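Notes follow once the structure below has been shown.
Lettering follows sequence order; numbering is per chain, from 1. Here the structure is a predicted model, which is why all the values come from computation and not from measurement.
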There are 2 protein chains.
Amino acid sequence: MELDKGLVSGSMALLVMKLLEGGDMYGYQMVEELKRRSDDTFHLKAGSLYPLLHGLEGKGYVSAYEKEATAGKPRRYYHLTKQGHRVLQEKEESWNLYACAVRKVLKGGVCSYGT
Amino acid sequence: MELDKGLVSGSMALLVMKLLEGGDMYGYQMVEELKRRSDDTFHLKAGSLYPLLHGLEGKGYVSAYEKEATAGKPRRYYHLTKQGHRVLQEKEESWNLYACAVRKVLKGGVCSYGT
DNA sequence: GAATTATATATAGATAAACTATATATGTCA
DNA sequence: TGACATATATAGTTTATCTATATATAATTC
């Protein structure tokens with residue numbers, strides 16, 4: 001993840017689940033997609049992603065299925081469950097609240113999140 | 001810290017150093033001030049703050065001195081060093097970059113931080 | 001007067017997130 | 001043939017923050 005490594009921790013589950021909201025994806029694809037959508041800011045490591053996905057699967061937030069690729073190893077696709085959708089909404093709400101509170105401390109004054 | 005506990009991790013050093021930018025403070029005061037400035041969002045625990053402050057002191061980002069209080073125990077004030085100011089600026093920059101990238105993933109499109 | 005709460009600092013131990021390093025396996029390209 | 005991109009996985013480490021606990025004084029409440 002580089003950047004600062006203290007600032008950056010947390011919120012990976014949110015980002016990964018957000019990706020799955022747009023459609024089923026396999027692990028490697030998520031790493032690439034996250035890099036692309038963040039304009040090369042997030043470089044999620046495979047060693048971080050797979051344990052995270054297994055954890056989300058264990059909690060029932062995502063489900064997984066194998067699918068043959070046209071070439072190479074079969075891919076393990078992940079799908080956001082109904083429960084996952086609910087949890088994602090909560091996590092987004094939580095992130096907005098948090099980012100907003102940080103902004104209040106850093107810049108002073110108010111912050112109505114949405115903006 | 002409550003909230004989500006996965007989203008919230010990281011960035012405490014940034015917030016604490018930001019408080020000290022406005023003037024020297026003692027530990028207990030920082031907990032209260034952080035609560036106030038974040039509109040009751042951040043409830044930093046003493047058991048989290050003091051080890052954090054000792055760590056910042058060890059790195060030379062803050063310096064500390066005792067001062068008698070009019071009543072009660074003597075207070076240990078913390079001061080942001082010159083190096084601390086530099087690191088704070090870097091951390092703020094880093095936070096902006098990070099929060100901006102999260103927004104890109106969550107809401108799509110661009111994000112020029114400052115707004 | 002005794003008990004509780006607020007002020008104030010500190011450490012030990014637990015938990016969890018993300019990292020590095022490593023392993024495996026296939027396809028492509030120089 | 002060797003390097004690199006694709007693709008998944010686990011073990012072990014590091015670090016942030018938490019809970020729990022300890023200490024001590026002042027103010028408040030019963």
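- Toward the 5' end of DNA chain C, the nearer of the two residues B:Y26 and B:P51, judged by each one's closest nucleotide, is B:Y26.
- Rounding to whole angstrom units, CD of residue B:E33 and C1' of C:dT7 are separated by 16 Å.
- When every heavy atom of B:Y78 is checked against every heavy atom of B:L20, the shortest pair comes out as O-CD2, 3.4 Å.
- The interatomic distance linking B:E66 (CD) with C:dT9 (C1') rounds to 9 Å, in whole Å.
- As a whole-Å value, the separation of B:L52 CG from C:dT9 C1' is 14 Å.
- Projected onto DNA chain D by closest heavy-atom contact, A:H54 and A:R75 fall at different nucleotides, the more 5' of which corresponds to A:R75.
- Per the geometry, CD belonging to B:E68 stands 12 Å off P belonging to C:dT9, to the nearest Å.
- As a whole-Å value, the separation of A:K67 NZ from D:dA7 P is 13 Å.
- Closest to the side chain of B:R76, out of C:dT9, D:dT8, C:dT20, is C:dT9.
- Between A:Y98 and B:F42, a ring centre-to-centre spacing shorter than 6.0 Å is recorded.
- Of the candidate nucleotides D:dA7, C:dA10, D:dT17, D:dA7 has the atom lying nearest to any side-chain atom of A:Y28.
- In summary, B:K18 and B:E92 engage in a salt bridge, as defined by a charged side-chain N under 4.0 Å from a carboxylate O.
- Distance OH (A:Y50) to P (C:dT24): 17 Å, rounded to an integer number of Å.
- For the pair A:M12 CE and C:dA16 C1', the computed distance is 15 Å after rounding to whole Å.
- Ring geometry for A:Y77 versus A:Y65: interplanar angle under 30°, hence parallel rather than tilted (30 to 60°).
- Under a 4.0 Å N-O distance rule, the pair A:E57/A:R76 qualifies as a salt bridge.
- Rounded to an integer number of Å, the gap from B:L49 CG to C:dA8 P is 13 Å.
- For the OP1/OP2 pair of D:dT17 and a distance below 4.0 Å, the side-chain nitrogens and oxygens of B:K45 include no atom meeting the criterion.
- In terms of position along DNA chain C, the nucleotide closest to B:E32 lies nearer the 5' end than the nucleotide closest to the other residue of the pair B:G47 and B:E32.
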